[in-house]
Amino acid sequence: MKKYNFNPGPSVLPEFTIKNTAEAILNLNGTGLSIMEISHRSKDFEAILKESKELMRELLDIPAGYSIIFLQGGASMQFAMIPSNFLNTKAAYLDSGSWASKAVKEARLFGEVIVVASSKEQNYTFIPKGYTIPADADYFHITTNNTIYGTELKTDISSPVPLIADASSDILSRPMDVSKYAMIYGGAQKNLGPAGVSFAIIKDSLLEKITRKMPTMLNYKTFVDNDSLYNTPPCVSIYSCLQTMKWLKDLGGLKAIHKINNEKADMLYNEIDRNKLFVSPLSEQADRSIMNVVFVFKPEYKELEEKFMELTKSKGIVGIKGHRSVGGFRASIYNALSIEGVQTLVQAMKEFEAQV
Ligand SMILES: *Cc1c(COP(=O)(O)O)cnc(C)c1O
C-alpha cells in the first residue's frame, strides 16, 4: 500500500531525493564508486559541496556577505555553539517551545540570558508577542517554527540586535528575507534531507564578534575558513540535501512551494475547523504552522483516539500521533508531503466523523 508519511522528523523526502541518493550510493556519477567511499577532498565531492551552497544561496536569495556551512551534531549542537561563539555578555531569547527552551539552557552556560517572553505557562499554544528586545544584547534568538506545538512565525521580524533563527523545521518552505537575520540554522532532517547534517547561514560581520577561546570544532570560523572541510563532512547527507534543493528548483523555487504549502495547510485547518470531532489547541489562528498541523479530539470524543488511528493506518497514513507533551495528533506536512497525502487525511477525518 502507498504510504503517506506525516512523521515530524526524520520525515518525508521527495522521491527524487531518495532515488538519486540510492543511485549515488551504488555508483556516483558513473565513477564506479559509492558516495560513501569517495574522498571528501575529491573533485566529485567538491563539486557536490559547491553546488549545494550555490543552490541554497539561489533558492533563499541569500545576499552577499553571508557564508553557508554544513556541520554535524544536529540543531542541538548549534544551541551550544551559538552562545559559545556569540554570547559575550548577554543574549536575548524568545521561549516559544521546548526547542527554544533547550537553546536557552545551553546559553546559560556561557553568560546572562534574558528570556524576553515565554508561552510555556500556556503549553506553548501561541508565539509570544509584544516583547522588548534589549538593545545591548549580543543577539536575539528565535525559533521560526515550533515543530512540537505547530506554531510558526511566518514573517521575518526586525531586531535591533543580530537576529539568530532556528529554522530546522521550516527552512525552504517559504521565501525568507535573509538580510533581516544574522544567522539562520537547523538540522536537515525535517525539510531538507536525512539526519546527520545541519546547515548554518551566517553573516560574516557576526563572525568578527567571536572572542572566546573554544575547541576548534565548536568555532564557526573553523567551518567558514575551511569551507566545511576542516574534517570529514557527512557526504551522503549533504548529497541528499542537494537533491532536495534541485527538486525544489525544478518545482519553481520557494515561491512555488510556499503556495503549495499554504494550500495543503489551508485544506487541513479548514477540515479541523469544520469537523465536529476535532479542534486546534492553538489560541491564535495567526500562529498556525504550515509545516506541523496539530489537532486534538474535543474532550467529549477523546476516547475515540485509538479508533481514529486505526482508520488512518488502514489508509496508509503514517506518523500522525501527537507529541507526548501535546497529545492528539500532529500532521507534519513538509515540502515533500503530497497534496494527495493531505487529501487522504482530510477524507479519513470526514469518514470518521460520519461513523460517530
Ligand atoms: C528537531 C528540532 C531540533 C533538534 O534537532 P536535532 O537535529 O535533532 O538536534 C531543534 N529545533 C527545532 C525547531 C526542531 O524541529
Side-chain angles (χ1 to χ4, degrees), residues 8-11 40 49 52-53 56 60 66-88 91-111 113 115 138-148 162-172 181-204 206-207 209-242 244 323:
S11 37
H40 55 294
L49 190 60
S52 304
K53 287 188 298 177
M56 187 170 259
L60 277 165
Y66 285 80
S67 298
I68 302 168
I69 55 173
F70 296 103
L71 320 88
Q72 299 186 62
S76 301
M77 182 66 120
Q78 305 308 300
F79 294 168
M81 281 176 78
I82 288 161
S84 176
N85 282 262
F86 307 125
L87 200 171
N88 292 318
Y93 279 71
L94 181 64
D95 180 22
S96 57
S98 60
W99 292 119
S101 100
K102 282 179 175 158
V104 168
K105 181 178 166 225
E106 298 303 303
R108 290 204 165 114
L109 298 170
F110 295 90
V113 175
V115 175
D138 292 315
Y139 61 84
F140 177 45
H141 181 280
I142 58 170
T143 313
T144 49
N145 185 63
N146 299 284
T147 323
I148 293 172
L163 181 63
I164 299 183
D166 174 359
S168 291
S169 52
D170 63 347
I171 190 68
L172 300 179
Y181 301 82
M183 176 172 170
I184 300 169
Y185 73 97
Q189 72 276 14
K190 309 281 164 53
N191 210 19
L192 183 55
V197 67
S198 356
F199 63 91
I201 302 158
I202 311 179
K203 199 170 184 175
D204 298 335
L206 188 65
L207 294 166
K209 296 186 180 163
I210 303 173
T211 55
R212 186 177 279 109
K213 284 211 189 314
M214 67 190 111
T216 312
M217 283 301 286
L218 294 184
N219 194 321
Y220 284 118
K221 273 195 188 142
T222 303
F223 292 84
V224 172
D225 295 347
N226 296 283
D227 196 15
S228 305
L229 286 171
Y230 175 78
N231 75 329
T232 320
C235 300
V236 179
S237 298
I238 292 173
Y239 184 84
S240 289
C241 293
L242 171 59
T244 303
H323 190 271

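- Across every non-hydrogen atom of Gly187 and Ala75, the tightest pair is N-CB, 3.8 Å.
- For the residue pair Tyr181 and Tyr66, the shortest heavy atom distance occurs at O-OH, 2.6 Å.
- Minimum heavy-atom separation, Asn88 to Asp138: N-OD2, 2.7 Å.
- Using a 4.5 Å heavy-atom cutoff, the side chains of Pro233 and Ile238 are in contact.
- Remark: Thr216 OG1 to Phe223 CZ distance equals 9.5 Å, nearest 0.5 Å.
- Side-chain polar atoms of Ser67 and Asp204 form a donor-acceptor pair below 3.5 angstrom.
- Counting all heavy atoms, side chain and backbone alike, Ala80 lies closest to Phe110 at O-CE1, 3.7 Å.
- When the ring-ring contact (aromatic ring centres under 6.0 Å, His included) test is applied to Phe86, the partners found at least two apart in sequence or on another chain are Tyr220.
- Between His141 and Tyr185, the angle of the ring planes lies from 30° to 60°, which puts this pair in the tilted group.
- In this structure, the side chains of Gln78 and Ile164 stay at 4.5 Å or more apart for every pair of heavy atoms.
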Carefully, step by step, assess Leu87 and Tyr139 under the rule side-chain contact (heavy atoms from CB on, under 4.5 Å).
CA-CA 8 Å; Leu87 200 171; Tyr139 61 84; 4.0 Å; yes

Walk me through whether His323 and Thr147 qualify under side-chain contact (heavy atoms from CB on, under 4.5 Å).
CA-CA 9 Å; His323 190 271; Thr147 323; over 6 Å; no

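- Residue pairs meeting the side-chain hydrogen bond (donor to acceptor under 3.5 Å, both in side chains) criterion with at least one partner in residues 222-237, sequence neighbours excluded, are Lys53-Asp227.
- Considering every non-hydrogen atom in both Ile69 and Ile202, the closest pair reads CD1-CD1, 3.9 Å.
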Apply side-chain contact (heavy atoms from CB on, under 4.5 Å) to residues Leu94 and Thr143 and explain how you reach the verdict.
CA-CA 8 Å; Leu94 181 64; Thr143 313; over 6 Å; no

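- Side-chain atoms of Thr244 never come within 3.5 Å of backbone atoms of Gly193 as a donor-acceptor pair (strictly under, hydrogens ignored).
- In this structure, NZ on Lys209 lies 9.0 Å from NZ on Lys203, to the nearest 0.5 angstrom.
- Of all heavy-atom pairs between Pro234 and Gly196, the closest is CG-O, 3.2 Å.
- Within the structure, no pair that satisfies the salt bridge (Lys or Arg N to Asp or Glu O under 4.0 Å) test touches residues 189-202, not counting sequence neighbours.
- Checked by atom type and distance alone, the side chain of Ser52 never pairs as donor or acceptor with a backbone atom of Tyr239 at under 3.5 Å.
- The NZ atom of Lys213 sits 12.5 Å away from the OG atom of Ser84 when rounded to the nearest 0.5 Å.
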side-chain contact (heavy atoms from CB on, under 4.5 Å), that's the test. Do Ser168 and Trp99 meet it? Break it down for me.
CA-CA 10 Å; Ser168 291; Trp99 292 119; over 6 Å; no

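- In this structure, the separation between OH on Tyr93 and CG on Asp166 is 10.5 Å, given to the nearest 0.5 Å.
- Within the model, atoms CG of Asn85 and CG of Leu218 stand 8.0 Å from one another, a figure rounded to the nearest 0.5 Å.
- To the nearest 0.5 Å, the span separating CD on Glu106 from CD1 on Ile82 amounts to 10.5 Å.
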